[in-house]
Amino acid sequence: VFSVIYIEEAILDHPRVQAICERYKETQQIICRHYGEIFNRNKQNFRFQKKNPALILAHKQNKLVLPAPDEYSIGGGLNYYFSHMLNCIYDCRYCFLQGMYRSAFYVLFVNYEDFFSQINKTINEQPERQVYFFSGYDCDSLALEPVTGFADSFLPLFREHKNSVIELRTKSVQIRNLLRQPAFDQCVIAYSLSPDNIADTLELKAPGLDKRLKAISQLQQRGWNIGLRFDPVIYQTEFKAVYRQFFQKVFSTVDADQVHSVSLGTFRMPADFFQKMQKLYPQEKLFAAPLTKQQKQIAYHPDIDKALMTFCQQEILQYIPKKKYFPCQ
Amino acid sequence: VINLVVALACEAKPLIQAYSLKKSSTMAVFPLYVSADMLLIVSGVGKINAAAATAVLATFAANLPTQGLIAWLNIGVAGHRNRAIGDEFLALKLVDGETKNAYYPTWLEKLPCQTDNLLTVSKAIDNLPDDYAVDMEASGFYPIALKYSCVELVHIYKVISDNAKDDYRNISAASVKNLINERLNTIKKVVSQLVLVCNSMNRASEIPESYQQLAKQYHLTATQQAQLKRSLLQWNALSKDCIISALGTAKLKDARQLLTAINKLLANLEIKY
């Protein structure tokens with residue numbers, strides 16, 4: 001699974017480290033001082049590392065919980081995010097992580113208890129407000145669940161706090177841990193979904209659309225709140241036909257009444273991240289589309305962007321009420 | 001292309017023979033051996049020599065017509081407290097004994113041999129550590145080679161020449177030559193895997209062939225060169241047709257008209273997944 005496991009020397013005795021090392025005892029284990037020695041090195045090739053990534057076990061020192069970008073909002077007043085992991089086992093060509101990080105290696109921060117304290121503190125500081133937490137910003141929340149036990153470890157915390165909501169953003173079908181436990185209101189399993197042709201060509205190593213829809217269906221049957229994230233919408237010449245068929249397929253499987261929220265956004269990217277990604281994949285179709293730079297952001301040409309948003313919004317609102325719809329722009 | 005850095009002539013000899021390298025007359029300070037796709041430099045003992053030879057080799061390589069990334073490999077012998085003489089390994093962690101700087105070479109393919117930690121020291125030591133092999137060049141070689149390449153393409157391969165039972169004082173030129181000779185099969189695997197990765201990386205960032213053709217026909221400013229490369233890459237991403245044919249016989253006066261014509265063609269291409 002991992003080419004190498006790097007371990008910060010200060011956490012060699014940590015029970016989560018020991019459990020992972022025991023599980024992957026055949027994998028080469030190398031001790032380092034700080035994960036940044038490997039993860040933040042210059043002169044790394046993200047694209048080629050993605051073919052055979054290593055796992056880095058680390059201790060997150062500070063900034064464990066951060067305010068979330070405004071566009072993450074799904075109806076809550078206060079939005080925060082935290083990342084127990086950096087990078088993702090999937091290889092989505094549109095993913096901003098390719099432009100943000102120098103390395104494709106996975107970093108797992110094992111000091112979950114420090115995250116718990118910080119999350120508790122954040123919630124308790126605002127007892128009157130609904131506090132939203134997003135966990136899938138720098139990684140897929142569930143994709144490495146068998147190794148990280150993330151959901152099993154973190155969900156009890158949110159179950160206790162009625163004024164908190166946790167969103168697990170994922171494309172994964174690793175839902176066994178969720179199906180084993182009772183659903184609760186303050187948890188939203190938010191699935192990123194794309195039409196088959198996009199999933200097949202741009203969401204490499206991720207489960208296909210049908211598998212994700214099946215997972216959603218199983219979770220809904222067990223009472224879990226489901227979020228649908230149609231983000232990024234990808235332009236193609238026949239986008240109307242492709243996305244109409246796609247929304248039909250999604251809402252013929254998913255129980256729209258049980259959907260917590262739907263968000264929609266077109267492909268966009270900070271310009272400096274985009275430049276790096278384009279360099280990694282100079283012949284990528286996605287980057288050859290009619291994109292334009294506006295301020296510090298790369299996005300589709302405004303006419304195309306508007307056409308995509310307007311069309312998809314109209315389609316989505318045929319299936320769900322407006323109060324559940326959150327456009328990201 | 002791959003660049004090899006070795007400390008001793010006796011380490012170099014089996015490699016020179018195996019890869020049919022010819023001595024280059026252009027290098028006076030460090031002996032240099034070349035073939036069409038490999039350069040080998042003999043640095044002498046110690047990390048300063050290794051660093052200097054690596055820099056010299058990089059400068060020499062930069063003047064060759066070959067473009068793109070180059071793989072680098074330091075081949076040599078090392079001591080280890082417990083490992084048997086003749087054991088071989090790729091270093092996945094390298095520490096400089098004086099500065100304590102640590103480096104982590106990244107091997108992308110299936111490992112062709114074992115791996116180990118490597119400590120580079122300035123003087124030969126009697127008490128070998130338990131958890132590191134010990135050499136005298138790698139931490140001189142590695143950071144300099146890295147300046148000219150990337151972490152996936154700079155590596156260190158060592159054969160154990162001495163251990164706690166049989167120390168470095170017993171090493172001879174003949175024994176080192178034998179050790180390298182006996183490990184040529186693995187060395188060839190290491191070299192070919194590195195070259196494979198290097199070639200893939202270079203292919204991934206290749207400029208479209210049509211660029212050279214068009215650059216010959218039109219006078220391009222530096223900005224126009226960049227725009228043309230970008231547009232041709234976009235064309236290749238979206239179309240299987242040859243851009244030169246698509247442009248047809250229309251007479252384009254200058255580079256500006258050329259870029260406009262290509263952009264018009266790009267705007268009309270279908271985007272399908």
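Reminder, nothing fancy here: chain letters follow the sequence lines and each chain counts from 1. Remember, it's a predicted structure, so these values are computed and weren't measured experimentally.
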Donor-acceptor pair, side chain of [X] and main chain of [Y], under 3.5 angstrom:
X: A:K285; Y: B:K272; answer: yes
X: B:E152; Y: A:N45; answer: yes
X: B:K93; Y: A:C32; answer: no

Report, as yes or no, whether the 6.0 Å neighbourhood of atom [atom1] on [X] holds more than 12 heavy atoms from other residues, nucleotides or ligands.
X: B:N127; atom1: CG; answer: no
X: A:Q275; atom1: CD; answer: no
X: B:E209; atom1: CD; answer: no
X: A:Q245; atom1: CD; answer: no
X: B:Q257; atom1: CD; answer: yes
X: A:K240; atom1: NZ; answer: no

Which heavy-atom pair separates [X] from [Y] by the least distance, and what is that distance?
X: B:L108; Y: A:N52; value: O-ND2, 2.9 Å
X: B:I271; Y: A:P290; value: CD1-CD, 3.7 Å
X: A:A289; Y: B:Q234; value: O-NE2, 4.2 Å
X: B:Y104; Y: A:E37; value: OH-OE1, 3.0 Å
X: A:P282; Y: B:A204; value: CG-O, 3.1 Å
X: A:R41; Y: B:T106; value: NH2-OG1, 2.9 Å

Side chain from CB out, backbone as N, CA, C, O: work out which of these in [X] comes under 4.5 Å of a heavy atom of chain B, or both, or neither.
X: A:R47; result: side chain
X: A:Y6; result: side chain
X: A:V4; result: side chain
X: A:F105; result: side chain
X: A:Q44; result: both
X: A:D200; result: neither

Taking side chain as everything from C-beta outward and backbone as N, CA, C, O, which of these in B:N101 sits under 4.5 Å from a heavy atom of chain A? Side chain, backbone, both or neither.
backbone
Atom group of B:S231 that falls short of 4.5 Å from chain A, counting heavy atoms:
neither
If you count heavy-atom pairs under 4.5 Å with chain B, which of A:L202, A:D196, A:N42 comes out on top?
A:L202
To the nearest 0.5 Å, how far apart are [atom1] in [X] and [atom2] in [Y]?
X: B:N236; Y: A:E284; atom1: CG; atom2: CD; value: 13.0 Å
X: B:S205; Y: A:K279; atom1: OG; atom2: NZ; value: 9.0 Å
X: B:K147; Y: A:K43; atom1: NZ; atom2: NZ; value: 8.0 Å

Side chain proximity check, B:R230 to A:Q278, heavy atoms < 4.5 angstrom:
yes
Less than 4.5 Å apart, side chain to side chain, heavy atoms only: is that true for B:Y273 and A:L286?
yes
